[in-house]
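To start, the structure itself, in structure tokens.
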Amino acid sequence: MIKAGVIGHPIKQSKSPMIHGHWLGEHGIDGSYEAIDLAPDAFVQSVRDLQADGYAGCNITVPHKEAAFALCDDLTERAKIIGAVNTLVFRDDRIQGDNTDCEGFLANLMADAPHWNAATGPALVLGAGGAARGIVFALLDSGVPEIILANRTRGRAEALAADFAQVHVCDWADAEHAVGSVDLIVNTTALGMVGQPELILPLDALRPSTVVTDIVYNPLETELLKTARAKGSIGVDGLGMLLHQAVPGFEAWFGTRPIVTDALRKKIEAAL
């Protein structure tokens with residue numbers, strides 16, 4: 001039996017076991033995928049224990065993405081640039097790291113906003129954590145000419161911006177002033193998620209042509225998306241990103257490339 005899982009702290013809210021379990025059943029694969037709760041101080045040794053126990057690999061979620069990056073023996077080119085990983089593959093006694101957030105984000109964005117054109121104009125990105133790094137990379141790689149980055153801790157935003165020439169930092173309080181001049185707004189923070197404070201971003205200047213996307217998927221319609229849609233903009237929720245970013249890992253561990261279907265999305269929606 002092929003074993004894989006997702007590591008985080010906390011982890012009980014993760015829907016990844018349901019996603020991978022669906023694909024295992026769909027393709028008739030003898031495998032398992034479980035949620036593994038690891039505190040930061042137990043992360044490194046526990047990952048090595050999983051490798052020794054015959055696991056094929058695992059997904060990594062908060063707060064371990066940057067620690068996982070440091071643990072890897074080998075990294076994909078995009079993981080090197082992003083500086084964080086969310087997917088580990090155990091192979092030939094080595095730990096290989098990849099970041100599939102970028103692939104998942106773009107696949108979700110293009111599925112729900114197919115007319116969005118990366119080259120049209122700048123993007124406003126909120127947040128500067130591991131997910132933000134993957135999304136910034138994805139946007140620049142797809143042709144976005146400039147990114148305005150705002151984070152509650154400015155120093156963290158400046159550290160991210162230092163790795164990407166086209167990223168410019170603005171103060172968190174000033175993010176609203178960029179709303180009317182960008183073609184894409186992305187919330188990469190946990191603000192607006194169930195159990196978290198709301199994201200406060202006035203959208204008075206929002207243009208209907210601007211696409212607004214939120215990587216939060218619980219609730220599916222955050223206040224940010226609700227307000228954007230009320231103003232005529234396309235709002236893209238975060239569930240599709242969760243589904244699409246899981247595809248490369250499943251393929252690496254179980255040898256089959258799955259497809260994100262409406263049936264799978266509805267199954268996860270029902271569990272939220």
Hey, are the side chains of [X] and [Y] touching, using non-hydrogen atoms and a 4.5 Å cut-off?
{"X": "T61", "Y": "I11", "answer": "yes"}
{"X": "D30", "Y": "I2", "answer": "no"}
{"X": "R133", "Y": "F164", "answer": "yes"}
{"X": "L149", "Y": "C170", "answer": "no"}
{"X": "L199", "Y": "T222", "answer": "no"}
{"X": "I135", "Y": "C102", "answer": "no"}
{"X": "L239", "Y": "I268", "answer": "yes"}
{"X": "L126", "Y": "T188", "answer": "no"}

Worksheet entry | Chi angles and distances behind the side chain to side chain contact (heavy atoms under 4.5 Å, CB included) call for I19, F250 | CA-CA 10 Å; I19 295 169; F250 187 93; over 6 Å; no
Over all atoms of both residues, closest heavy-atom pair of [X] and [Y]:
{"X": "L272", "Y": "K15", "value": "CD2-CE, 4.0 Å"}
{"X": "I234", "Y": "A113", "value": "CG2-CB, 4.1 Å"}
{"X": "V89", "Y": "A252", "value": "CG2-CB, 3.8 Å"}

Fill in: Sole residue of D141, D101, D98, N99 in side chain to side chain donor-acceptor pair (under 3.5 Å) with R78
D98
Fill in: Residue among N108, T87, N86 satisfying side chain to side chain donor-acceptor pair (under 3.5 Å) with Q245
N86
Practice prompt. Please step through side chain to side chain contact (heavy atoms under 4.5 Å, CB included) for the pair V211 and V236, ending with a clear verdict.
Written response: CA-CA 8 Å; V211 176; V236 180; 4.1 Å; yes
Item to complete: Rounded to the nearest 0.5 Å, what's the gap from SG on C58 to CG on L38? Could you check?
Response: 8.5 Å
Worksheet item: What is the distance from atom CD1 of I36 to atom NE2 of H9, rounded to the nearest 0.5 Å?
Response: 14.5 Å
Worksheet item: So Q196 and T189, side chain to side chain contact (heavy atoms under 4.5 Å, CB included) or not? Walk me through it.
Response: CA-CA 10 Å; Q196 297 291 328; T189 76; over 6 Å; no
Same apolar cluster (I L V M F W Y, side chains within < 4.5 Å links), [X]/[Y]:
{"X": "W116", "Y": "V125", "result": "yes"}
{"X": "I60", "Y": "F90", "result": "yes"}
{"X": "V260", "Y": "L106", "result": "no"}
{"X": "L203", "Y": "I215", "result": "no"}
{"X": "V216", "Y": "L109", "result": "no"}

Salt bridge check: are [X] and [Y] linked by an N-O gap of less than 4.0 Å?
{"X": "R154", "Y": "D171", "value": "yes"}
{"X": "D237", "Y": "R265", "value": "yes"}
{"X": "D53", "Y": "K3", "value": "yes"}
{"X": "K80", "Y": "E77", "value": "yes"}
{"X": "E198", "Y": "K226", "value": "no"}

Worksheet item: Passes side chain to side chain contact (heavy atoms under 4.5 Å, CB included), L88 versus C72? Steps please.
Response: CA-CA 8 Å; L88 301 180; C72 292; 3.5 Å; yes
Practice prompt. Report the C-alpha separation of R156 and E66 in whole Å, then their side-chain angles, then the decisive distance to 0.1 Å, and conclude whether the salt bridge (Lys or Arg N to Asp or Glu O under 4.0 Å) test is met.
Written response: CA-CA 13 Å; R156 191 170 175 86; E66 291 171 10; 3.4 Å; yes
Worksheet item: So with a 6.0 Å cut-off around CG of D262, is the heavy-atom count from everything else above 12?
Response: no
Worksheet item: Parallel, tilted or perpendicular: which fits the ring planes of W23 and H20, with parallel below 30° and perpendicular above 60°?
Response: perpendicular
Fill in: Candidate pair Y217 and E269, rule side-chain hydrogen bond (donor to acceptor under 3.5 Å, both in side chains), full reasoning
CA-CA 9 Å; Y217 59 85; E269 282 184 11; over 6 Å; no
